[in-house]
Amino acid sequence: MLNLPNFLASIRILIAPLMFWIILNPQVFTQNGYDITWNYYFASLLFVLASATDFFDGYIAREWNQMTMLGAILDPLADKMLTLAAFLGLMLIGEASPWAIYIIIVRELFITGIRTVALSEGISVKASWAGKIKTVAQMIAIGFLLMHWPFGNALLWFAVFLTLYSGMEYLWGFKNALMKDGK
């Protein structure tokens with residue numbers, strides 16, 4: 001069912017490849033007489049707008065009781081598409097550590113696999129506060145890196161730490177849910 005929260009998640013899915021393309025093609029701005037900083041501004045603006053849809057789709061889904069199975073799949077997929085588009089783009093232009101991005105991608109794939117197994121087993125393992133804080137830390141790091149501001153790489157490594165911690169917390173939650181259900 002395509003309700004407003006799912007529509008907002010779909011917008012995030014559409015913005016991700018556009019933002020990725022803009023990060024990788026700064027010449028679009030510079031060849032038209034604009035300073036390269038316009039590339040940073042535009043990529044950052046798209047990222048902020050897409051990130052805002054993440055907040056609003058979850059808020060609307062909960063407040064208006066519009067949580068759906070499609071939303072349970074679309075929302076995390078859209079989040080990952082957006083953050084990975086930004087991280088991969090930043091890595092490809094030399095603004096983000098390949099090791100940091102590798103760790104983040106591996107964790108995201110692993111947790112996505114766990115989520116898939118949990119859904120197939122009828123187990124609900126909700127995102128923890130650590131996972132939410134991880135997402136915010138990743139988004140802040142991306143913003144700093146996109147704008148080429150100081151401390152962007154330090155924030156990236158802090159986000160990596162939170163990414164690993166929240167992944168372990170998610171894994172423990174899944175293990176406990178399995179034990180509780182006797183599976």
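Just so we're clear, the structure is a prediction, and the values are computed from it rather than from any experiment.
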Can you tell me how the ring of [X] sits relative to the ring of [Y], calling it parallel under 30°, perpendicular over 60° and tilted otherwise?
X: Phe161; Y: Tyr165; value: parallel
X: Phe29; Y: Tyr34; value: perpendicular
X: Trp99; Y: Tyr102; value: perpendicular

[X] [atom1] to [Y] [atom2] distance, which is reported to the nearest 0.5 Å:
X: Phe56; Y: Glu63; atom1: CZ; atom2: CD; result: 12.0 Å
X: Met139; Y: Leu82; atom1: CE; atom2: CG; result: 6.0 Å
X: Asp57; Y: Ile11; atom1: CG; atom2: CD1; result: 10.0 Å
X: Arg107; Y: Leu164; atom1: CZ; atom2: CG; result: 8.5 Å
X: Ile73; Y: Thr112; atom1: CD1; atom2: OG1; result: 11.5 Å
X: Asn25; Y: Phe20; atom1: CG; atom2: CZ; result: 9.5 Å

Kindly indicate, with the supporting measurements, whether the criterion side-chain contact (heavy atoms from CB on, under 4.5 Å) is fulfilled by Arg115 and Phe174. CA-CA 9 Å; Arg115 269 197 179 142; Phe174 177 67; over 6 Å; no
For the hydrophobic clusters of this structure (ILVMFWY residues joined by side-chain heavy atoms under 4.5 Å, transitively), does one cluster hold both [X] and [Y]?
X: Leu77; Y: Ile111; result: no
X: Ile103; Y: Leu84; result: yes
X: Ile105; Y: Met81; result: no
X: Leu155; Y: Tyr40; result: yes
X: Leu109; Y: Ile101; result: yes

The test is side-chain contact (heavy atoms from CB on, under 4.5 Å); show your working for Ser166 and Ile133 and say whether it passes. CA-CA 9 Å; Ser166 67; Ile133 293 168; over 6 Å; no
Please name the residue in the list Asn6, Asp54, Thr68 that meets the side chain to side chain contact (heavy atoms under 4.5 Å, CB included) test with Asp75.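 Of the listed options, the one satisfying the test is Asp54.
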So, applying ring pair (Phe, Tyr, Trp, His ring centres under 6.0 Å) with Phe144, which one of Trp149, Trp157, Phe151 is it?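 It is Trp149; the other options fail the test.
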Are any of the side-chain heavy atoms of Leu74 and Ile13 separated by less than 4.5 Å?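 In short, these two side chains touch, coming nearer than 4.5 Å.
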Are Ile142 and Thr83 close enough that some pair of their side-chain heavy atoms sits under 4.5 Å apart?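 Yes, close enough: below the 4.5 Å cut-off.
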Any chance you could lay out the side-chain contact (heavy atoms from CB on, under 4.5 Å) test for Trp64 and Asn3, step after step, and finish with the verdict? CA-CA 11 Å; Trp64 295 2; Asn3 56 21; over 6 Å; no
Determine the minimum heavy-atom distance between [X] and [Y], stating which atoms define it.
X: Gln66; Y: Pro5; result: OE1-CD, 2.9 Å
X: Gly71; Y: Pro76; result: O-CD, 4.0 Å
X: Leu156; Y: Ser97; result: CD2-N, 3.9 Å
X: Thr53; Y: Ala50; result: OG1-O, 2.5 Å
X: Leu162; Y: Ala137; result: CD1-CB, 3.6 Å
X: Leu92; Y: Leu24; result: CB-CD2, 3.7 Å

Do side-chain atoms of Asn39 reach the backbone of Ile22 as a donor and acceptor pair under 3.5 angstrom?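 Yes, the answer is positive, given that a donor and an acceptor are paired below the 3.5 Å cut-off.
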Determine whether Met91 and Phe87 satisfy the following criterion, side-chain contact (heavy atoms from CB on, under 4.5 Å), listing intermediate values before the conclusion. CA-CA 6 Å; Met91 182 187 74; Phe87 280 139; over 6 Å; no
